[in-house]
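Computed from a predicted model, the values in this text were never measured in an experiment.
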Amino acid sequence: MIQTINNIRDSMLEMFELVSQMFSLSVRVWSLAITVLLQLLVILVGLLCLCWVLLKFCVYTLPRGDPGQIHVAFFHPYCNAGGGGERVLWCAIRSLQKKYKNIKCYIYTGDTEASPEEILQKAKDRFNVTLPQPVEFIFLRSRSIVEAKYYPFLTLFMQSIGSIMLAGEALSKFRPDIFFDSMGYAFTYPVFRFIGGCVVGCYTHYPTISTDMLNRVSDRLESHNNRRLIANSAVFSFAKMVYYRVFAELYSLVGWSAQVVMVNSSWTHGHISSLWGVNRRIHIVYPPCDTEKFKSLEIIPDVEKKVKSIVSIGQIRPEKDHALQLKALHRLCEIVDPATETQLVIIGGCRNEEDHQRVTALKDLAASLNIEDKVVWKLNAPFDELLECVQQGTIGLHTMWCEHFGICVVECMAGGLIMVAHDSGGPKMDIVVDYEGQQTGYRALDVESYAQAMKTVLESSSETKESMRLAAKSSVDRFSDAEFEMAFLGACESLFSSTNVVLN
């Protein structure tokens, strides 16, 4: 018995000794691993610092302009697109050139298929904007890396990575004193601020990601940026929510790099302030709308119009939801008096082949709804033709969900059209709102509400429509070119105060 107990004791001692040796070995292995990892981390940090120094050295050897001038470069890869964002670009440059004589403006653009003369002529024809001084174009050859069509998955992230690469090309071709992003490519800001050593400002039309987008994914609602496959799957929706939240954190980090932030509406201000946490640096600068030109149009009484035109102005992009316009027109034709002849005039800017493919798909939709003869397409129409369509129209139609602002809405109201806009975003918060107690238009959400609103307009008395037109025309003065110029230049003062050149 005693022998058995001794054997058990010896076995236990041997086991404890073995465990002790294994523990000691594991401690030594972990210590060695941690030491190696720390050494690798030090080497990595050292290499990064060396690369940073070399990169900064290379950047500072890049050619710069005349030291007696302030060189302001606008990052706008699609400056020839012809949309509301482009009008902001041209009016911003015009404002700076009118006030300062020792400023030279540049535009980073990927519109390599057009000459500088053609781009400037289009700005004049489409927006009625002529620059008082020359502007230099810096053409970027790799613009395609920011186009969504190349990234069917992780689109926002991949486009953002592409914008960093595009910013690298832009910086390698010219290093300005002030870098100004006017298209919303927030991931370019750290490149120009911390590598290029530039003062960074931006005009944000629309947050790349917003709480509205997160809510749509969370609620599993199908939309142009939330495909049916994902909306119908709880697993895919959860994965996309995680992706969106991670991306939102990255977006917040890069947005912090902007030293002056301008936004175009109360809606955008709320989202950017929440995401970037730079509330003291944010200025609401309503985009410039050529209100005077539109307000000068002579109103043609509806009784003199044989066909009541519904005018839609906007680029042919998925988020503009032209399909909803076609479906609303189809529904309107079902509920309105058959004696009332209507047509939808779509005035849209087409930037590329992808946009033209959307037009083809929309025409197919119109044909399937048997309304193709009631739809008039005016693609890339010049400014004079746009004015003529507004003057001949009765209703202005806008269908974009959470439109950041809505320049086309303001233009339609200034031109005398009774506006039916989407009940969200800028139109809801800033534009189609009561003015001095008077209604300025209608807002809608879906096919039925759009059709009913347009039916109400068509059946309203001349006195009712005239009262609404007058209220709408008076309300849009706060969105004029002059108001934009004053607000934009005021917000820019801190940008220029950061440079070492005296303005004159």
Where does the angle between the aromatic ring planes of [X] and [Y] fall among parallel (under 30°), tilted (30 to 60°) and perpendicular (over 60°)?
X: His271; Y: Trp267; value: tilted
X: Tyr108; Y: Phe192; value: tilted
X: Tyr286; Y: Phe405; value: tilted
X: His71; Y: Phe174; value: perpendicular
X: Phe75; Y: Phe179; value: tilted

Heavy atoms only: give me the nearest [X]-[Y] pair and the separation to one decimal.
X: Leu362; Y: Ala323; value: CD2-N, 3.7 Å
X: Leu344; Y: Ser312; value: CD1-CB, 4.3 Å
X: Asn80; Y: Ala114; value: ND2-CB, 3.8 Å
X: Ile316; Y: Gly348; value: CD1-CA, 4.0 Å
X: Leu387; Y: Leu297; value: O-CD1, 3.8 Å
X: Ser424; Y: Cys402; value: OG-N, 2.7 Å

May I ask you to check whether over 12 heavy atoms, not counting those of [X], lie within 6.0 Å of atom [atom1]?
X: Lys149; atom1: NZ; result: yes
X: Lys374; atom1: NZ; result: yes
X: Lys293; atom1: NZ; result: no
X: Met158; atom1: CE; result: yes
X: Phe157; atom1: CZ; result: no
X: Trp256; atom1: CH2; result: no

Salt bridge check, [Y] against [X]: does any charged N sit closer than 4.0 Å to a carboxylate O?
X: Glu169; Y: Arg141; answer: no
X: Lys122; Y: Asp125; answer: no
X: Glu249; Y: Arg245; answer: no
X: Arg94; Y: Asp481; answer: yes
X: Lys378; Y: Glu385; answer: yes

Please tell me whether [X] and [Y] have a donor and an acceptor in their side chains that are separated by less than 3.5 angstrom.
X: Tyr78; Y: Glu147; value: yes
X: Glu403; Y: His398; value: yes
X: Thr188; Y: Asp181; value: no
X: His76; Y: Ser182; value: yes
X: Thr399; Y: Gln325; value: yes
X: Ser494; Y: Ser497; value: no

| request: Cation-pi check, Arg443 to Trp401: give yes when NZ or CZ is under 6.0 Å from the six-membered ring centre and within 45° of the ring axis, no otherwise. | output: no
| request: Compute the ring centroids of Trp90 and Phe74, then answer whether they are less than 6.0 Å apart. | output: no
| message | Quick check on the 6.0 Å ring-centre criterion: do Tyr100 and Phe496 meet it? | response | yes
| Can you check side-chain contact (heavy atoms from CB on, under 4.5 Å) on Thr204 and Asn264, steps first, answer last? | CA-CA 7 Å; Thr204 302; Asn264 63 349; over 6 Å; no
| query | Listed by chain and number, what are the ring-ring contact (aromatic ring centres under 6.0 Å, His included) partners of Tyr251, not counting sequence neighbours? | reply | Trp276
| query | Mind checking what makes ring-ring contact (aromatic ring centres under 6.0 Å, His included) contact with Phe247, not counting sequence neighbours? | reply | Phe187
| Steps toward side-chain contact (heavy atoms from CB on, under 4.5 Å) verdict (Leu140, Thr109) | CA-CA 6 Å; Leu140 307 177; Thr109 179; over 6 Å; no
| For the ring pair (Phe, Tyr, Trp, His ring centres under 6.0 Å) test, which of Tyr189, Tyr106, Phe488 pairs with Phe180? | Phe488
| field | Reference residue Lys104; test side-chain hydrogen bond (donor to acceptor under 3.5 Å, both in side chains); the match among Gln133, Gln69, Glu136, Gln97 | value | Glu136
